[in-house]
**Q** 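Mind looking over this structure? Questions follow.
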Amino acid sequence: MIAPDPASGLILQNVSLRLNGLVLLSIDCDIPPGAILTIMGESGSGKSSLLNFIAGFLKPDFEAQGDVVLRGRNLSNVAAQDRHIGLMFQSPLLFPHMSVLQNLIFAIPPEIKNRQKRRELAEQALTDVGLAGFGTRDPATLSGGQQTRVALMRTLLAQPEALLLDEPFSSLDQSRRSEVRKLVFDLARKNGLPVLLVTHDEEDARAAGGMVHHLGADETKNGCPLTGQPQQ
Amino acid sequence: MPSEVDRLSQGTRLRVDAPTILVTVLLAGPVLAGLAGTALPAFGYLPALGYGQFSFAPFQQLFEAPGLVTSALLSLSTGLTASLLSLAIVLIFTAGWSGTQTFRRLTRFLSPLLSVPHAAAAIGLAFLIAPSGFVVRLVSPWATGWTRPPDILILNDPYGMAMTFGLVAKEVPFLFLMTLAALNRPRTEDFFKAGAGLGYGRMATFFKIVLPQVYPMIRLPILAVVAYSTSVVDVATILGPTTPPPLAPRLVAWMNDPDLTERLMASAGALLQLAVTLSALVIYLCLEKLARVLAHRQYQSGHRFRQEGFSRFFSLLPMLLIIIVMVLSLCLLVIWSAAKSWWFPAVLPQAWSLSKMVDAVQMGSGSLAATLFLAVVSALLATSLTLWLLEARSHRNLAVNKRLKSYIFLPLLVPQIAFLFGLQMLFLLFGLSGTLLAVLLSHLIFVFPYAFLALSDPWDQLDPRYARAARSIGAPRAKVFWKIQLPLLLRPVLVTIAVAAAVSVGQYLPTLMIGAGRIVTITTESVALASGGNRQFASLYALLQLIVPLMGFLLAALVPSLVHRNRAAMRLGK
Ligand SMILES: Nc1ncnc2c1ncn2[C@@H]1O[C@H](COP(=O)(O)OP(=O)(O)OP(=O)(O)O)[C@@H](O)[C@H]1O
Ligand SMILES: [Mg+2]
């Protein structure tokens, strides 16, 4: 047992996923707060499945072993909604029935009750990513980069304890890409969040600047490249 | 957004094509003509029977009928309650369980239940809950002391509770499958994940994020359920109150009365029925608006509803109850049809006999043939017409827009009885009343919307690049349809035919009114037998009603796996 420890980050302990009895991937890794682990691998190597496992959405077709520990909390038997893990996907998935501002207010925890305060927080978040005044817009009218920035702020406003990013920049063009990427990484570091980034793009991995884990490419290299503690 | 492009291009292009016109005429035409044919006699004008003067006499006579207000209120309350209950049951169950193993398993039960005709379900339910029914037998006499059926009104209760329950049991599978189809979009699962990622419980995610997006797609089916439930005849005849009955069954009785002035009164009553159903629809729309306002407040509050174990458990119960009741009811139909003697309070029959079954099939062979003919022909016609319409629209890059959709659903949104009266008069004028052709036409009006419901989604989800790829290598349009689109859609097309056939078999009122007693189907027979109290024959006929849909679904399941036996990509996922 590990005691709850707010100073520790996201730990993947001897995690392995099986599909139809075959091992799809295994990983053993420690992502300290503010650090970024980049996961690369071919299509079908199980990157999204790993994120699904960590976030609590793994399909029943898969078999999983190992533990996910976040800030000293073992997440194995914790429901997805109680894990406090923020997610960003390939598409921003802004809720089309709400305005941009409502999308952000939606994420603010209910403990902040005052309506005015909730609104101000959301507006501040918009200003932080250079979108002041976009609050009343229909999310569908925003450009891809703008949508991604709103989605990022929505994720952060929910006060997650870790961030999982599944190719969140792949819908952006090169120039936007580096800009949004820098924003995401800076904010994650500022908030002291452990980040797990899935990408196909070497450039993303370089910009993340942290450890890189290749899935499937080299079966012998199944440890985490940075901490690399051999377990048993 | 593709829809924007559609909207832009629609403005510049001609909108009409042959199938669109045909569908509009075929569906909206009879409804409007029928409504007119109902309205004229309601105001005393029916030259064919010698009434040439407009007057309010039919309405006066109508409002003098004893218990009329009670009847109208019964129709309104039972129909609205049944619709709202069904919707609530479906939504909370979907919210609590969609995506789980339990959900997948129950879905397998609910889909076939959709094909059980209303009348058959009502008859089975009556055998289950009647004072002499299975439930009472189970606990008698050891727990209740009853050695003969108790004298209590469980069935035909004055508040219409049994009838409401019967409607709920039938509408839940329908609304559930409509909701399933609406959820079956590429990114639904990601939105569920996004909700959980923000810390929202599963049910909260469904109601706050997913439902607002899919609700527009289930709205028309819900309105159809409201319209149907407030004007239902067969279920009301079997399970509904009798002193007085709800409005619709009373109207049918007046219409069939030999006294001709009763017909004028019945027409006036049909307009009252129209008003009752419209009020129910308006009430529903107001509730919808209220829910929308309240929901928008909720979105902003940030409440996560993480502790949902109890509500999820609770959301499962009504769905399970409905499945159990329906399955038990169907089992009772089987038992009754093979029972020789089954005295109260025995739980199972004392003696069995299959000879009555043979009798019934022989006696009913005429109506069975008519049922089969109507089901097969109307299903094939409706499905072909739907395909024609969809192909023509997508060839010209036109989505089936809201207006066309509301024409298609018009027959389901107007109470059947309100325009069938008038339609019957019209057919009478043309000498078509009581002919197979007229009955077929009246079935088609109701079968087509369901065929469209069943097929338009699979068609829209067909990747347009297949057709484009075929066109680009020079295949003509007809070849693309027959060799590419149709084979790819084989399974949904067969399912549509099965659904359409089931809908045709279920048609009670159109057969009764337009058939004018000369065209009789298994369904009209079984309702007559059930209200006549002949349990064995009623259950035999109810079972016969199930045979056509069952055969249809069996074929829909078997044929594609034979045709596509070497094509992995064409097999059903999981
Ligand atoms: N529900 C499922 N049932 C069975 N197998 C699945 C299921 N979902 C995914 N798979 C399989 O699991 C493997 C991993 O899929 P996953 O989506 O995790 O890959 P990925 O690395 O994210 O690929 P990509 O880069 O294309 O997104 C694939 O071989 C896929 O076919
Ligand atoms: Mg992936």
Side-chain angles (χ1 to χ4, degrees), chain A residues 48 51-52 54-61 78-99 101-115 117-119 121-122 138 140-141 151 154-166, chain B residues 1-5 95-96 98-105 185-217 291-293 295-309 311-312 573-574:
Chain A
S48 301
L51 296 197
N52 281 339
I54 298 170
F57 306 120
L58 198 64
K59 293 262 174 58
D61 313 77
V78 176
Q81 65 257 33
D82 296 327
R83 294 191 177 198
H84 299 282
I85 291 180
L87 304 164
M88 283 185 70
F89 308 89
Q90 199 162 345
S91 60
L93 289 181
L94 296 183
F95 308 140
H97 56 293
M98 302 180 194
S99 70
L101 199 69
Q102 287 172 332
N103 261 279
L104 294 174
I105 297 177
F106 188 82
I108 299 174
E111 286 73 35
I112 302 168
K113 288 207 174 69
N114 184 302
R115 282 218 219 151
K117 179 90 180 96
R118 295 176 70 82
R119 215 184 164 76
L121 274 174
D138 175 353
T141 64
R154 190 178 67 184
T155 307
L156 292 179
L157 277 173
Q159 302 178 353
E161 294 171 2
L163 221 48
L164 305 182
L165 312 173
D166 196 349
Chain B
M1 294 246 79
S3 59
E4 302 240 334
V5 181
S98 87
T100 65
Q101 206 68 28
T102 314
F103 193 77
R104 277 190 213 172
R105 284 200 204 105
R185 298 190 312 165
R187 292 202 311 199
T188 306
E189 206 184 323
D190 287 343
F191 276 109
F192 270 110
K193 286 184 192 171
L198 293 174
Y200 280 83
R202 182 195 284 273
M203 296 182 86
T205 302
F206 177 78
F207 281 110
K208 292 185 179 193
I209 300 178
V210 179
L211 183 62
Q213 296 183 53
V214 300
Y215 181 76
M217 278 175 279
R292 210 173 287 234
V293 172
H296 261 280
R297 288 236 181 105
Q298 258 302 318
Y299 299 152
Q300 307 296 297
S301 73
H303 289 300
R304 258 51 175 186
F305 300 99
R306 284 182 227 249
Q307 298 304 322
E308 54 180 4
S311 8
R312 285 187 63 201
K574 280 154 269 152

**Q** At a heavy-atom separation under 4.5 Å, does K59(A) approach chain B through its side chain, its backbone, both, or neither?
**A** side chain
**Q** Given that the side chain runs from C-beta out, which part of H97(A) has a heavy atom under 4.5 Å from chain B: side chain, backbone, both or neither?
**A**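 Both parts, backbone and side chain.
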**Q** Tell me, please, whether F95(A) has R154(A) positioned over its six-membered ring: NZ or CZ under 6.0 Å from the ring centre and within 45 degrees of its axis?
**A** yes
**Q** Using heavy-atom distances under 4.5 Å, tell me whether A107(A) contacts chain B through its side chain, its backbone, both, or neither.
**A**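 Its backbone and side chain both get close to chain B.
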**Q** What part of R292(B) is in contact with chain A, defined as an atom under 4.5 angstrom from a non-hydrogen atom: side chain, backbone, both or neither?
**A**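 Contact with chain A involves no heavy atom of R292(B) at all.
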**Q** Which members of residues 201-208 of chain B, sorted by number, sit under 4.5 angstrom from chain A on a heavy-atom basis?
**A** G201(B), R202(B), K208(B)
**Q** From N114(A) CG over to R119(A) CZ, what is the distance, rounded to the nearest 0.5 angstrom?
**A**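 Here the rounded value is 12.0 Å.
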**Q** Quick one: salt bridge (charged side-chain N to carboxylate O under 4.0 Å, His left out) partners of E308(B), sequence neighbours excluded?
**A** none
**Q** Counting only heavy atoms closer than 4.5 Å, note whether L94(A) contacts chain B via side chain, backbone, both or neither.
**A** backbone
**Q** Which one of K193(B), H303(B), Q213(B), H296(B) has the most heavy-atom pairs closer than 4.5 Å to chain A?
**A**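 Among K193(B), H303(B), Q213(B), H296(B), the one with the most close pairs to chain A is K193(B).
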**Q** Taking it one step at a time, do T102(B) and R312(B) satisfy side chain to side chain contact (heavy atoms under 4.5 Å, CB included)?
**A** CA-CA 12 Å; T102(B) 314; R312(B) 285 187 63 201; over 6 Å; no
**Q** Begin from the C-alpha positions of F305(B) and S311(B) and carry the test side chain to side chain contact (heavy atoms under 4.5 Å, CB included) through to its verdict.
**A** CA-CA 10 Å; F305(B) 300 99; S311(B) 8; over 6 Å; no
**Q** What is the minimum heavy-atom distance between R118(A) and K113(A), and which atoms define it?
**A** CD-O, 4.0 Å
**Q** Go through G99(B), P212(B), G195(B) and name the one with the most non-hydrogen pairs under 4.5 angstrom from chain A.
**A**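 Counting heavy-atom pairs under 4.5 Å, the top option is P212(B).
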**Q** Please classify the contact between P160(A) and chain B as side chain, backbone, both or neither, with a heavy-atom cut-off of under 4.5 Å.
**A** neither
**Q** Given a strict heavy-atom distance threshold of 4.5 Å, which part of Q298(B) is in contact with chain A: side chain, backbone, both, or neither?
**A**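 Neither the backbone nor the side chain of Q298(B) comes within 4.5 Å of chain A.
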**Q** Restricting to non-hydrogen atoms, name the atom on I85(A) and the atom on I54(A) that form the minimum distance, rounded to 0.1 Å.
**A** CD1-O, 3.5 Å
**Q** Heavy atoms only, distances under 4.5 angstrom: which of L87(A), I112(A), L93(A), I105(A) has the most pairs with chain B? Name it, please.
**A** L93(A)
**Q** Where on M88(A) is there a heavy atom nearer than 4.5 Å to chain B: the side chain, the backbone, both, or neither?
**A**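 Answer is neither: M88(A) stays 4.5 Å or more from chain B.
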**Q** T100(B), D190(B), I209(B): which one forms the most heavy-atom pairs within less than 4.5 Å of chain A?
**A**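 Option with the greatest count: I209(B).
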**Q** Chain B heavy atoms under 4.5 Å from R115(A): which part of the residue, side chain, backbone, both or neither?
**A** side chain
**Q** Please name all residues satisfying side-chain hydrogen bond (donor to acceptor under 3.5 Å, both in side chains) with Y299(B), sequence neighbours left out, ordered by chain then number.
**A**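 Listed in chain order: nothing, the list is empty.
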**Q** Considering only heavy atoms, which portion of F57(A) lies under 4.5 Å from any heavy atom of chain B: side chain, backbone, both, or neither?
**A** side chain
**Q** With K117(A), which residues qualify under salt bridge (charged side-chain N to carboxylate O under 4.0 Å, His left out), at least two apart?
**A**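 K117(A): no salt bridge (charged side-chain N to carboxylate O under 4.0 Å, His left out) contacts found.
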